[in-house]
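First the proteins, then the strands, lettered A, B, ... as listed; each starts at 1. Any value given below was found using the heavy atoms of this structure, including those in side chains, with hydrogens, waters and symmetry copies removed.
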Amino acid sequence: MSFSIATWNINSVRLRMPIVERLLDEYAPDVLCLQETKVPDELFPEKAFRKVGYPYIAFHGQKGYHGVATVARRPIEVVEKRRFCDIEDSRHLSVTVQAGVKTILVHNFYVPAGGDEPDPEINRKFRHKLDFVAEMNAIRAEHGEVSASVLVGDLNIAPLEHDVWSHKQLLNVVSHTPVETESFEAMRRAGGWVDLMRHNVPSEQKLYTWWSYRAQDWEASNRGRRLDHVWSSANLVPSFAGYEILRAARGWDRPSDHVPVIARFDLG
DNA sequence: ATGGTAGAACATCTA
């Protein structure tokens with residue numbers, strides 16, 4: 001059987017419902033993980049999701065900022081809403097879903113952006129980001145005969161040279177500084193996670209999932225970064241059937257600055 | 001080196 005999962009930072013789920021519905025209608029992922037929902041749980045637009053065939057909904061939101069939600073066409077069970085760095089921010093949600101013979105544990109993350117100044121001594125937001133990534137070392141790619149793990153989300157770090165439009169020009173820009181990219185890759189490997197978007201993609205190929213709102217013409221300047229990620233436990237790699245970065249969604253009406261990434265698996 | 005946009009919520013914070 002086929003299983004697909006999408007991740008998308010939508011920068012306000014309520015404002016973005018029209019294009020979220022477009023994604024679900026055109027691509028029909030089994031599971032959609034959203035970040036920056038910017039809505040408290042009691043105001044989450046559950047009805048709109050139910051109406052378009054996504055009645056299974058889990059959220060971890062708060063007023064105004066951050067917030068993650070995972071919606072699905074088939075049942076999901078909430079496992080955890082983990083708190084990081086002893087701060088009440090809503091930045092994590094894990095659920096399980098059945099896919100073929102396997103139970104998949106799906107982590108949905110929204111890692112702190114980290115502010116502008118890449119010095120943890122001066123900028124508490126950057127300190128928070130580094131601490132958050134360090135704490136993510138505890139999130140392991142649990143797997144067994146009939147279980148596997150997936151970790152998706154806006155991780156706000158572009159780890160490789162060609163995950164940004166200019167490696168040299170972004171070395172001192174938050175999201176691509178060596179202290180971030182090195183601890184990020186170390187954390188990923190320590191957890192046993194496979195970076196599926198780079199699996200079978202040459203390291204010199206540019207990959208972006210985010211284009212700033214501040215560009216006059218995002219498409220012409222194309223100064224993108226790969227901030228959104230899809231990771232899995234190693235035992236899912238043989239079932240991995242490819243993925244798509246929906247670049248066109250950056251040009252949809254009232255877009256998010258991030259685009260969806262959809263990964264597919266063929267599971268027995 | 002600077003400033004540019006977007007959203008929540010209604011002054012600023014966050015990104």
Side-chain angles (χ1 to χ4, degrees), chain A residues 7-23 33-45 48 59-69 83-92 108-120 122-133 136 152-159 163-166 168-177 179-181 184 208-229 247 249-261:
Chain A
T7 181
W8 197 6
N9 175 321
I10 28 80
N11 188 17
S12 171
V13 68
R14 286 176 289 180
L15 197 67
R16 233 55 90 182
M17 267 324 286
I19 59 171
V20 171
E21 287 178 22
R22 179 170 174 181
L23 172 81
C33 294
L34 297 167
Q35 303 87 35
E36 275 206 277
T37 51
K38 292 188 173 177
V39 63
D41 292 346
E42 62 272 20
L43 296 178
F44 191 89
F59 37 61
H60 183 194
Q62 67 184 83
K63 186 179 178 182
Y65 305 103
H66 322 311
V68 292
R83 188 212 310 195
F84 287 79
C85 306
D86 274 321
I87 296 173
E88 290 293 345
D89 287 356
S90 300
R91 297 183 178 276
H92 169 265
N108 179 358
F109 269 99
Y110 177 49
V111 172
D116 290 331
E117 176 57 59
D119 180 348
I122 299 168
N123 175 9
R124 60 174 177 80
K125 286 190 264 186
F126 194 62
R127 173 80 269 156
H128 177 214
K129 183 180 196 176
L130 298 178
D131 291 345
F132 193 102
V133 170
M136 283 179 73
V152 303
D154 175 5
L155 306 186
N156 266 319
I157 292 173
D163 290 338
V164 294
W165 63 275
S166 169
K168 274 187 185 170
Q169 286 178 258
L170 288 171
L171 270 172
N172 203 35
V173 172
V174 171
S175 74
H176 195 61
T177 64
V179 64
E180 289 170 271
T181 59
F184 183 83
Y208 310 142
T209 65
W210 172 90
W211 292 262
S212 174
Y213 280 128
R214 297 177 191 180
Q216 283 183 359
D217 183 336
W218 70 273
E219 198 162 22
S221 60
N222 197 26
R223 294 182 170 190
R225 303 179 202 170
R226 182 170 72 113
L227 302 180
D228 303 274
H229 297 268
R247 190 179 198 275
R250 185 62 179 79
W252 289 355
D253 192 40
R254 298 209 71 184
S256 168
D257 46 356
H258 296 252
V259 298
V261 182

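- Taking atom CD on A/Gln35 and atom P on B/dA15, their separation rounds to 14 Å, with Å as the unit.
- Ion pairing of A/Glu180 with A/Lys129 is present here, as a side-chain N (NZ or NE/NH1/NH2) and a carboxylate O approach within less than 4.0 Å.
- Nucleotides B/dT14 and B/dC10 are separated by 15 Å at their C1' atoms, to the nearest Å.
- The same atom, P, is picked in B/dG3 and in B/dG7; the two are 23 Å apart, to the nearest Å.
- Contact between the side-chain N/O atoms of A/Arg254 and the OP1/OP2 oxygens of B/dG7 is found at a separation under 4.0 Å.
- A cation-pi arrangement is absent between A/Arg225 and A/Trp165 under the rule of less than 6.0 angstrom and at most 45 degrees off the ring axis.
- Using bins of under 30°, 30° to 60° and over 60° for the plane-to-plane angle, the ring pair A/Phe109/A/Phe132 lands in the perpendicular bin.
- At whole-Å resolution of the value, NZ in A/Lys129 and C1' in B/dT14 are 13 Å apart.
- Looking at the side chain of A/Tyr213, the nearest of the listed nucleotides B/dA15, B/dA6, B/dG7 is B/dA6.
- Atoms OH (A/Tyr110) and P (B/dG7) sit 14 Å apart, rounded to a whole Å.
- Listed candidates were B/dA15, B/dG7, B/dT14. Nearest to the side chain of A/Arg124 is B/dT14.
- A/Arg91 comes within contact range of the sugar-phosphate backbone alone, with a heavy-atom separation under 4.0 Å but no base atom that close.
- Residue A/Arg214 places a side-chain atom within donor-acceptor reach of the base of B/dA15, judged by atom type and a 3.5 Å distance cut-off alone.
- The distance between the ring centers of A/His60 and A/Phe44 does not fall below 6.0 angstrom.
- Annotation: of the two residues near DNA chain B, A/Pro40 and A/Gly115, the 5′-most nearest-nucleotide partner is A/Pro40.
- Considering only side-chain N and O atoms, A/Lys125 lies under 4.0 angstrom from the phosphate OP1 or OP2 of B/dT14.
- Here the side chain of A/Tyr65 is nearest to one of B/dA8, B/dT14, B/dA9, namely B/dT14.
- Here B/dA8 presents its C1' atom at 11 Å from CD of A/Glu36, a figure rounded to the nearest Å.
- What separates CG of A/Asn172 from C1' of B/dA1 is a distance of 13 Å, to the nearest Å.
- Listed candidates were B/dA6, B/dA15, B/dA8. Nearest to the side chain of A/Arg16 is B/dA6.
- To the nearest whole angstrom, the two P atoms, one in B/dA15 and one in B/dA9, are 15 Å apart.
- Going from atom CG of A/Leu43 over to atom C1' of B/dA8 covers 12 Å, rounded to whole Å.
- Nearest-nucleotide positions on DNA chain B place A/Ser212 closer to the 5' end than the other of A/Ser212 and A/Pro112.
- For A/Asp116 and B/dG4, the CG to C1' distance is 12 Å, given to the nearest whole Å.
- Between the side chains of A/Asn222 and A/Arg247, a donor-acceptor pair is found at a separation under 3.5 Å.
- Residue A/Arg250 contributes atom CZ, which lies 9 Å from atom P of B/dA6 at whole-angstrom precision.
- Rounding to the nearest 0.5 angstrom, the gap separating the OH atom in A/Tyr65 from the NZ atom in A/Lys38 is 8.5 Å.
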